[in-house]
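Scope of the values below: all heavy atoms of this structure, side chains included, with no hydrogens, waters or symmetry mates.
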Amino acid sequence: KKSYDAFVGISRGGLVPLRILSDELEQENLFVIRVVFYEDIKKTAAEPIIKDDYLKSNVSGLRLLVIDDVADSGKSLKKVLEYLKNAGAKEVDSLTIFYKPHSETTPTFYVRTTKKWIVFPHERRETILKLIEKEKDKPVEKIREDLINIGFEPYIVDRVLISALKKERNKVF
């Protein structure tokens, strides 16, 4: 069993697994690093950008486990691993829930391999709102039907649609 001095969660996707693993593996030393890469659903910037620089002075000589939800392109994970090694970390491993075979970085540990688009429970609302925005010219009934057909639960779709419609109505009045 490997031990680490601290866990580093990649914000935002890695925050939920970071917290769960912190509890399960009894690791209380946690860092968060914010990486901006995704601009929209399935759309990324040219390169990931690390937005927080406070870690550099705190990781020298430490054994770290970097945690994220998915290694999709692998670019964010690669950027963080290089960043932490350059900051003087003694050892840097990585763990993701999902690993996609086309990723340019293979995590040290991962739970499952997939080629599918993943929507985690903690990002359903955000994803539905982005899809609604893309389809805003369609009738609400058609948007609802499409969202349910791609796999979202009707009660969640209805809750988000009602919220979105209320916000839209408040903008008009």
Could you pull out the closest heavy-atom pair between [X] and [Y], with the gap in Å?
X: Ala89; Y: Val92; result: CB-CG2, 3.6 Å
X: Ala71; Y: Ser103; result: O-CB, 3.6 Å
X: Gly74; Y: Thr105; result: O-OG1, 3.0 Å

Transitively linked via ILVMFWY side-chain contacts under 4.5 Å: [X] with [Y]?
X: Ile128; Y: Leu165; value: yes
X: Ile150; Y: Ile156; value: yes
X: Val16; Y: Ile67; value: no
X: Ile20; Y: Leu15; value: no
X: Tyr155; Y: Val160; value: yes

By side-chain hydrogen bond (donor to acceptor under 3.5 Å, both in side chains) - contacts of [X] (at least two apart):
X: Arg19; value: none
X: Ser163; value: Arg125
X: Lys2; value: Glu91, Asp93
X: Glu135; value: Lys138

Could you tell me the separation between the [atom1] atom of [X] and the [atom2] atom of [Y], rounded to the nearest 0.5 Å?
X: Leu84; Y: Ser60; atom1: CG; atom2: OG; value: 11.5 Å
X: Glu126; Y: Leu131; atom1: CD; atom2: CG; value: 10.5 Å
X: Thr114; Y: Phe98; atom1: OG1; atom2: CZ; value: 6.5 Å
X: Ile132; Y: Leu147; atom1: CD1; atom2: CG; value: 6.0 Å
X: Arg112; Y: Ile97; atom1: CZ; atom2: CD1; value: 10.0 Å
X: Leu65; Y: Ser22; atom1: CG; atom2: OG; value: 11.5 Å

For [X], enumerate each residue passing the side chain to side chain contact (heavy atoms under 4.5 Å, CB included) test, keeping only those at least two apart in sequence or located in another chain.
X: Glu104; answer: Lys75, Lys78
X: Ile49; answer: Lys51
X: Arg144; answer: Ile148, Pro154, Val157, Asp158, Leu161

List, one per line, each side-chain donor-acceptor pair under 3.5 Å for residues 23-32, sequence neighbours excluded.
{"residue": "Gln27", "atom": "OE1", "partner": "Asn29", "partner atom": "N", "Å": "2.9"}
{"residue": "Gln27", "atom": "NE2", "partner": "Tyr4", "partner atom": "O", "Å": "2.8"}
{"residue": "Asn29", "atom": "ND2", "partner": "Asp5", "partner atom": "O", "Å": "3.1"}

Has the side chain of [X] got a donor or acceptor atom that lies under 3.5 Å from a matching backbone atom of [Y]?
X: Ser11; Y: Arg34; value: no
X: Asp69; Y: Gly14; value: no
X: Ser94; Y: Thr108; value: yes
X: Thr96; Y: Val70; value: no

Exercise for review: For Lys100, check salt bridge (charged side-chain N to carboxylate O under 4.0 Å, His left out) against everything at least two apart and list the hits.
Suggested key: Asp72
Exercise for review: Check salt bridge (charged side-chain N to carboxylate O under 4.0 Å, His left out) between Glu133 and all other residues, then give those that pass, not counting sequence neighbours.
Suggested key: Lys136
Exercise for review: Could you walk me through whether Phe152 and Val119 pass side-chain contact (heavy atoms from CB on, under 4.5 Å), step by step?
Suggested key: CA-CA 9 Å; Phe152 289 102; Val119 179; 4.0 Å; yes
Check your understanding: What residue pairs, at least two apart or across chains, pass salt bridge (Lys or Arg N to Asp or Glu O under 4.0 Å) with a residue in residues 113-124?
Key -> Arg124-Glu153
Study note, to complete from the structure: Sorted by chain and number, sequence neighbours left out, ring pair (Phe, Tyr, Trp, His ring centres under 6.0 Å) with Tyr110 holds for Tyr99
Point to revise | Leu64/Val59 under side-chain contact (heavy atoms from CB on, under 4.5 Å): CA gap, chis, key distance, verdict | key: CA-CA 8 Å; Leu64 303 173; Val59 300; 3.9 Å; yes
Exercise for review: Evaluate side-chain contact (heavy atoms from CB on, under 4.5 Å) for Phe120 paired with Ile118, printing each intermediate quantity in order.
Suggested key: CA-CA 6 Å; Phe120 291 94; Ile118 305 163; 3.6 Å; yes
Review point. Any side-chain heavy atom of Pro107 sitting closer than 4.5 Å to one from Leu77?
Key: yes
Review point. Has Arg63 got more than 12 heavy atoms of other residues, nucleotides or ligands less than 6.0 Å from its CZ?
Key: yes
